[in-house]
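Only this structure's heavy atoms are used, side chains among them; waters, hydrogens and symmetry mates stay out.
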Amino acid sequence: MMDRRIHIALLALLAVGIGLRVHFNDVSSFSRADETTYLDGARTLAPGVFARFPQFAADYAKSPELWAFPPPTRWGHWALLGSACSLSRECGYHTLAWLSTLGGIAALIFTGLLARELLGEKAALVAIALSLAAPLQLHLGRRALQDELAGAATLAALWAVARALAVDPQKRSLGRHLFAVIVCTLALAEKETALLWTPAMAGLWLVRHRARGWRKEDLLFGLAPLLFVGGFCVLSRSFTLFFIDVRANFSSLGGSTYVAQYMSGPLHRYPFDLFLLAPIVFLLAVGASGVALLDESPEARGLREAALLLALGLAVWVNTPKDVRYVAAVDGLLRILAAWLLVALATRRRRAVVLVAILLCVNFGWELQLFHRVSVEREIYDPTTFGILNALDAIPR
């Protein structure tokens, strides 16, 4: 049972986080690139997702000019956009931006749930406190993009899998596995790149294998990608169209001048960008990861698992086109690791509680200022390395 004081503090923090995300959902100018693509697709599907999706998916396959844009294989997101537009009086950019805002609220909640699952209630509380003004999350939560929803879906999938792989026999159940399969399927349907988190989930299974042993229901996880493909086939009324759309989208990546100009670079670009947008949290997370490498005690098992999820996740993503909005879930993991270090500091020394509280306030103010500078004052659309540094006046104009 959650301590009443923690419960009250958690509700208060969530109220602040929700208030910030709603308050800053005020973008007035949207992009003619992905944001317009999402809006056009939403308007196409609004009269009826099931009736319009087959033609929508077929048109993408035979239109090379669309291949560089989000593909229909993200059927969960397209279904969500079409449904939102059908319910909206005026299907516009702000309809889609509100979905991103809801995704930001969900990301806040699932960051807390994953932190609680791995590290306990106090770490969950601190992780949410560290996430209140997260610049990347606040930025993506106000755009008509899908990245904040995708980040929230990924955090939800990691949490669901961690629950299903419980070491405690009393917490094991077939229901948890089935729930995890559903959440992972929805994460893939939101954005197929959730598949890149498979090594991280497999790593979690591996480190828990010794304690929980082999369980045949673990094979159920393999259903998620099959259900993802099956969902597309049902909506599109075609089996082969899935592979045609995937090939079309992949064929556009190599020839994209935007990708070559703004998303190429060394392997450390993702960590560098994450540091730029969350310097205090990033350094705390690095410190916690260092402890995870050295502490082999049973009490540090959750810390090692969180560090493993982060390490394996980043190890895959650094080999992809580098745009920090693609790794919104990594931002959440950094905050979970940072939370562990602050909780450990506050637990070992009573006077450190005051220091931790001050640090949380400083981080909140710093990150809110960073977000305001980058996203509100300079109105950055895509938080690439160039865009962030330019907004911070860190490169010559």
Side-chain angles (χ1 to χ4, degrees), residues 25 27 30-106 140-154 156 182-195 224-225 227-252 325-326 381:
N25 184 9
V27 175
F30 292 88
S31 166
R32 295 182 180 180
D34 281 4
E35 288 180 313
T36 299
T37 299
Y38 285 126
L39 181 59
D40 291 343
R43 288 173 172 171
T44 299
L45 295 170
V49 173
F50 290 100
R52 294 291 187 91
F53 193 85
Q55 189 61 48
F56 176 71
D59 288 344
Y60 183 89
K62 60 186 180 183
S63 305
E65 68 274 12
L66 298 178
W67 293 352
F69 294 100
T73 49
R74 301 171 187 178
W75 55 265
H77 188 69
W78 288 115
L80 183 62
L81 295 186
S83 300
C85 267
S86 68
L87 297 174
S88 175
R89 292 182 179 179
E90 181 182 354
C91 180
Y93 289 108
H94 284 289
T95 304
L96 277 57
W98 271 110
L99 290 176
S100 294
T101 298
L102 293 176
I105 295 170
L140 295 178
R142 65 202 298 261
R143 304 299 319 190
L145 295 166
Q146 75 169 129
D147 300 285
E148 187 68 357
L149 283 163
T154 299
I182 293 172
V183 174
C184 288
T185 300
L186 293 176
L188 288 168
E190 173 60 32
K191 193 171 184 180
E192 71 287 344
T193 53
L195 192 65
L227 291 174
F228 160 58
V229 176
F232 177 89
C233 294
V234 170
L235 278 177
S236 65
R237 301 171 195 169
S238 169
F239 177 74
T240 57
L241 198 54
F242 176 87
F243 303 98
I244 296 173
D245 281 352
V246 169
R247 184 176 63 182
N249 182 242
F250 269 90
S251 68
S252 69
R325 65 186 171 99
Y326 297 159
Y381 157 64

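- Across Arg325, Glu190, Glu35, a single residue satisfies side-chain hydrogen bond (donor to acceptor under 3.5 Å, both in side chains) together with Gln146, and that is Glu190.
- Taking Phe50 as the reference, nothing meets the ring-ring contact (aromatic ring centres under 6.0 Å, His included) condition, with sequence neighbours excluded.
- Proximity of a side-chain donor or acceptor of Ser100 to a complementary backbone N or O of Leu145 within less than 3.5 Å is detected.
- By the 6.0 Å contact criterion, CZ on Phe243 is enclosed, its count of non-hydrogen atoms from other residues, nucleotides or ligands being greater than 12.
- At a threshold of 4.5 Å between non-hydrogen side-chain atoms, the residues Pro70 and Tyr38 count as touching.
- Between Phe56 and Trp78, the angle of the ring planes goes over 60°, which puts this pair in the perpendicular group of the 30/60° scheme.
- Within the structure, no pair that satisfies the salt bridge (charged side-chain N to carboxylate O under 4.0 Å, His left out) test touches residues 87-106, not counting sequence neighbours.
- The ring-ring contact (aromatic ring centres under 6.0 Å, His included) test applied to Tyr381 returns no partner, not counting sequence neighbours.
- Under a 3.5 Å cut-off, the side chain of His94 and the backbone N or O of Val27 do form a donor-acceptor pair.
- Across all their heavy atoms, Ala46 and Ser86 have their closest contact at O-CB, 3.2 Å.
- Screening residues 62-83 for salt bridge (charged side-chain N to carboxylate O under 4.0 Å, His left out) gives Asp59-Lys62, Arg74-Glu192 as the qualifying pairs, with residues at least two apart or on separate chains.
- Note on residues 44-55: no pairs pass salt bridge (charged side-chain N to carboxylate O under 4.0 Å, His left out), not counting sequence neighbours.
- Partners of Phe69 under the ring-ring contact (aromatic ring centres under 6.0 Å, His included) rule, at least two apart in sequence or in another chain, do not exist in this structure.
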